[in-house]
**Student:** 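Sending over a structure as structure tokens; questions will come in a sec.
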Amino acid sequence: MHVEEEVDNIKPESIRKAEMNIEDLLGYARRTGMFWPAAEIYGGSAGLFDYGHIGAMLKRRFENIWLSYFVERNQNYFLIDGTTLFPEKPLIASGHAERFNDILIACKKCKTYYRADVLLSDLGVQLNEGATPSEVDAAVTKNSLKCPKCGGPLGEAKPFNMMIDVALGPDRSDHGYLRPETAQSAYLNFYREYNLLRQKLPLGLAIIGRAYRNEISPRQGLYRLRELIQAELQIFFDDQSFLPDFSGFSETRINVVPYVTGKLEALTPNELISKGYPAFYVYHMAIIDRFYRKILGVPDSKFRFLEKGGEDKAFYNRIHMDIEIEVESWGGFKEVGGLHYRGDYDLTSHTKGSNKSMAAKSGDREFIPHVLELSFGVDRNIWAQVDLFYRSSDNRQLLSLKPYLAPYSAAILPLQNDDAINAKAKETFVQLARKFRVFFDSSGSIGKRYARMDEIGTPYCITIDYDTIDSKSSNFGSVTVRSRDSREQIRVNISELENYLTSSINVMLE
RNA sequence: GCGGAAGUAGUGUAGAGGUUAUCACAGGGGCUUCCCAAGCCCUUAACCCGGGUUCAAAUCCCGGCUUCCGCACCA
């Protein structure tokens with residue numbers, strides 16, 4: 001059987017990346033089992049999404065690869081977990097209760113909302129840092145301020161906190177919040193882990209978990225969510241001695257838009273260091289760059305760091321870069337993560353708040369460890385993967401994910417609904433399912449089944465045919481393995497399948 | 001939150017006061033075929049939610065929810 005000759009091979013490069021807007025991508029996600037609005041049978045709720053049987057696997061794979069790459073390859077970095085429900089005190093200490101708290105003011109006529117500090121400074125009125133709502137109201141009255149848009153009267157200033165309140169206890173009088181970032185769980189556990197891990201720095205604490213923000217306007221699919229999943233690594237270190245090993249990154253060119261120039265540049269680590277970025281920061285830029293470009297396969301031109309400064313930079317960050325991917329359905333480069341040098345802000349805040357010293361020692365020197373935060377939005381990254389790797393032509397839809405990210409690693413497809421073929425196929429399924437997530441499908445034509453697997457990104461389709469079970473055939477005991485992107489097929493002995501898949505799927509995951 | 005547009009089987013859609021609510025794909029059953037989304041027959045399945053107008057509402061009106069686009073917001 002010379003099936004290869006009959007295949008109308010289409011080079012994967014010839015299949016264009018599908019042009020997708022948000023609705024197209026949401027439609028794809030719904031029809032393939034990726035994700036859709038939570039509680040959708042009741043009409044859904046803005047900013048909340050559920051993952052389906054395909055999306056949940058993709059998400060899990062992303063998280064596992066992230067964990068393996070950023071955490072498990074470093075002997076000083078560890079995975080922990082923390083509650084999503086927080087008592088009030090740590091969030092007062094961290095500044096979230098106050099700072100996460102914008103004062104909003106609305107026009108009574110056109111109902112436009114403004115941030116009080118922004119509105120007043122635009123109108124030439126200076127407010128003190130941390131002004132209260134009544135101070136804002138007083139300033140509005142004193143200066144007879146009107147809505148800049150419609151000239152209407154301004155309403156009362158009201159605090160708006162991005163955190164979601166929770167009332168605890170039998171009379172619901174204990175005040176808590178859903179955590180606004182996983183980072184806080186790491187800071188709260190630093191002291192114990194630092195001692196458990198024998199007081200060594202650097203110490204990395206990673207958390208993959210949920211965080212909650214009461215976004216005013218959740219939008220754009222998985223971009224702005226009220227409940228989101230973060231994968232974060234908080235590295236605690238001695239700022240006078242943290243010097244990671246750069247060998248292996250010296251030739252890398254990293255796309256970065258520095259704040260001072262605002263222009264995209266492709267710089268080597270040494271060039272970045274000579275521009276004044278600390279070596280430990282640059283090292284982690286290189287690590288992140290490799291993750292996106294090599295492990296996830298993001299094209300060079302679609303990946304960059306964007307440095308934030310001035311108003312855009314959070315007050316506690318010393319260096320703040322967004323990790324950005326060009327996502328067509330989101331209309332351009334969008335933030336999927338961040339690399340933040342937070343200095344000693346976090347541990348100092350929690351030392352003050354808790355009266356628990358978190359100082360580390362190095363010789364005679366006592367110091368508060370600094371924090372470098374690697375923060376990733378898992379949902380945003382999942383969306384970006386689909387956007388980047390969904391390809392479409394007239395008769396083919398293809399999700400060309402890296403094999404190790406694909407929800408199913410392989411599909412087992414009996415060529416025909418024949419008892420002997422089916423029995424062999426099921427036996428093969430059981431054998432492979434011990435090591436891989438495999439899909440079994442015996443319904444429909446073989447072409448239709450290939451197409452279904454292409455659309456959810458299954459990298460390999462294993463077909464059991466008559467030759468497989470024909471002891472007179474030279475192909476006895478072997479199956480065809482079809483590669484998703486090239487559609488090329490090779491014959492592999494069933495006894496070799498496990499090795500074949502292991503090495504093929506993990507290629508690139510060095 | 002504001003303004004505009006929209007919400008019909010699982011998916012994509014037609015339908016503009018009275019239809020057994022259109023078509024395709026998907027799903028189920030059957031016949032046939034078997035390495036790249038084959039064909040034929042049968043079949044399951046929908047008007048976002050709640051009010052109102054009307055003899056009659058998927059269709060018109062009001063409210064809610066959700067989505068998209070723009071604005072605002074996004075320590």
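Per chain, numbering begins at 1; letters A, B, ... match sequence-line order. Keep in mind the model is a prediction, meaning the values are calculated, not measured.
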**Student:** Quick one: the side chain of A/Glu23 and the base of B/C68, do they pair up donor-acceptor inside 3.5 Å?
**Tutor:** no
**Student:** Roughly, in whole Å, what's the span from OH in A/Tyr177 to P in B/A75?
**Tutor:** 17 Å
**Student:** Between B/A75, B/C69, B/U66, spot the one nearest the side chain of A/Phe315, thanks.
**Tutor:** B/A75
**Student:** Check the pair A/Tyr316, A/Ser349 against side-chain contact (heavy atoms from CB on, under 4.5 Å), reporting the backbone distance first and the verdict last.
**Tutor:** CA-CA 11 Å; A/Tyr316 50 75; A/Ser349 304; over 6 Å; no
**Student:** Has A/Lys448 got a side-chain N or O lying under 4.0 Å from the OP1 or OP2 atom of B/A26?
**Tutor:** yes
**Student:** In terms of the nearest nucleotide of RNA chain B, which residue is placed more toward the 5' end: A/Arg449 or A/Arg342?
**Tutor:** A/Arg449
**Student:** For a quick check, tell me whether the side chain of A/Tyr450 and the base of B/C35 share a donor-acceptor pair closer than 3.5 Å.
**Tutor:** yes
**Student:** Please give the distance between the P atoms of B/A38 and B/G28 as a whole number of Å.
**Tutor:** 15 Å
**Student:** Does the side chain of A/Leu432 reach to within under 4.5 Å of the side chain of A/Leu497, using non-hydrogen atoms?
**Tutor:** yes
**Student:** Is a side-chain donor or acceptor of A/Asp24 paired with a backbone partner of A/Asn21 at a separation under 3.5 angstrom?
**Tutor:** yes
**Student:** What distance do A/Ile207 atom CD1 and A/Leu233 atom CG have between them, rounded to the nearest 0.5 Å?
**Tutor:** 10.0 Å
**Student:** For B/A57 and B/C71, measure between their C1' atoms and round to the nearest Å.
**Tutor:** 35 Å
**Student:** About how many Å separate CD1 of A/Ile164 and CZ of A/Arg226, when rounded to the nearest 0.5 Å?
**Tutor:** 7.5 Å
**Student:** How long is the line joining CZ of A/Arg452 and C1' of B/A38, in whole Å?
**Tutor:** 14 Å
**Student:** Please give the distance between the C1' atoms of B/A9 and B/A21 as a whole number of Å.
**Tutor:** 11 Å
**Student:** Without decimals, in angstroms, what is the distance between A/Tyr345 OH and B/A75 C1'?
**Tutor:** 9 Å
**Student:** Would A/Trp330 and A/Tyr223 count as a ring-ring contact (aromatic ring centres under 6.0 Å, His included) if you check the C-alpha gap in whole Å, the side-chain angles of each, and the deciding distance to 0.1 Å?
**Tutor:** CA-CA 8 Å; A/Trp330 282 336; A/Tyr223 192 73; 4.8 Å; yes
**Student:** Between the base of B/G70 and the side chain of A/Arg219, is there a donor and acceptor pair under 3.5 angstrom?
**Tutor:** yes
**Student:** With a 3.5 Å limit on both atom pairs, tell me what B/A75 is paired to, counting Watson-Crick and G-U wobble, or say none.
**Tutor:** none
**Student:** Given the P atoms of B/A16 and B/A72, what is the spacing between them in whole Å?
**Tutor:** 39 Å
**Student:** Name the nucleic acid region contacted by A/Arg30, choosing base, sugar-phosphate or nothing; use a 4.0 angstrom heavy-atom cut-off, strictly under.
**Tutor:** sugar-phosphate
**Student:** Answer yes if the ring centres of A/Tyr341 and A/Tyr281 are under 6.0 angstrom apart, and no otherwise.
**Tutor:** no
**Student:** Does A/Glu181 contact B/A75 through a side-chain donor or acceptor facing the base, at a distance under 3.5 Å?
**Tutor:** yes
**Student:** Nearest-Å distance, CD (A/Gln184) to P (B/A75)?
**Tutor:** 15 Å
**Student:** If you check the A/Ile216 side chain, which of B/G12, B/G1, B/C34 turns out closest?
**Tutor:** B/G1
**Student:** In this structure, how many angstroms lie between the C1' atom of B/U67 and the CH2 atom of A/Trp330, rounded?
**Tutor:** 17 Å
**Student:** Mark yes or no for a side-chain to base donor-acceptor pair under 3.5 Å between A/Thr480 and B/C35, with no hydrogen or angle criteria applied.
**Tutor:** yes
**Student:** When you get a sec, tell me which of B/A72, B/A37, B/U11 is the closest nucleotide to the side chain of A/Arg31?
**Tutor:** B/U11
**Student:** How far, in whole Å, is B/A45 from B/G27 if one measures between their C1' atoms?
**Tutor:** 9 Å
**Student:** Would you mind pulling out the nucleotide paired to B/G10, Watson-Crick or G-U wobble, both distances under 3.5 Å?
**Tutor:** B/C25
**Student:** With both distances kept under 3.5 Å, what pairs with B/A5, Watson-Crick or G-U wobble?
**Tutor:** B/U67
**Student:** What is the distance, rounded to the nearest whole Å, between atom CG of A/Asp467 and atom P of B/C35?
**Tutor:** 11 Å
**Student:** Closest-nucleotide mapping onto RNA chain B: is A/Tyr223 or A/Pro218 further toward the 5' terminus? I mean the 5' end.
**Tutor:** A/Pro218
**Student:** Run the salt bridge (charged side-chain N to carboxylate O under 4.0 Å, His left out) test on A/Lys313 and A/Asp322 for me, step by step, so that the C-alpha distance in whole Å, both residues' side-chain angles and the decisive distance to 0.1 Å come before the verdict.
**Tutor:** CA-CA 10 Å; A/Lys313 188 176 75 168; A/Asp322 282 352; over 6 Å; no
**Student:** Check the chi torsion on B/A72 and let me know: syn if it falls within 90° of 0, anti if not.
**Tutor:** anti
**Student:** Ignoring the backbone of A/Asp465, work out which of B/U67, B/C35, B/A38 is nearest its side chain.
**Tutor:** B/C35
**Student:** Could you tell me the Watson-Crick or G-U partner of B/U19, where both distances fall under 3.5 Å? Say none if there is no partner.
**Tutor:** none
**Student:** Expressed as a whole number of angstroms, how long is the span from A/Ile446:CD1 to B/U32:P?
**Tutor:** 20 Å
**Student:** Report the nucleotide, chosen from B/U66, B/G1, B/U11, that has the shortest atom-to-atom distance to any side-chain atom of A/Ala46.
**Tutor:** B/U66
**Student:** Between P on B/C68 and CG on A/Leu25, what's the gap in Å once rounded to a whole number?
**Tutor:** 12 Å
**Student:** When the C1' atoms of B/A24 and B/A37 are considered, how many whole Å apart are they?
**Tutor:** 14 Å
**Student:** Could you work out the separation of B/A46 and B/A5 based on their P atoms and round it to a whole Å?
**Tutor:** 30 Å
**Student:** Is it the case that B/C36 (base atoms only) and A/Arg396 (side chain only) share a donor and an acceptor within less than 3.5 Å, ignoring hydrogens and angles?
**Tutor:** no
**Student:** State whether A/Thr463 places a side-chain N or O below 4.0 Å from either non-bridging phosphate oxygen (OP1 or OP2) of B/C35.
**Tutor:** no
**Student:** Taking only the P atom of each, what is the distance from B/C60 to B/G17 in whole angstrom?
**Tutor:** 8 Å
**Student:** Just checking A/Gly221: base, sugar-phosphate only, or nothing, at a heavy-atom cut-off of under 4.0 Å?
**Tutor:** sugar-phosphate
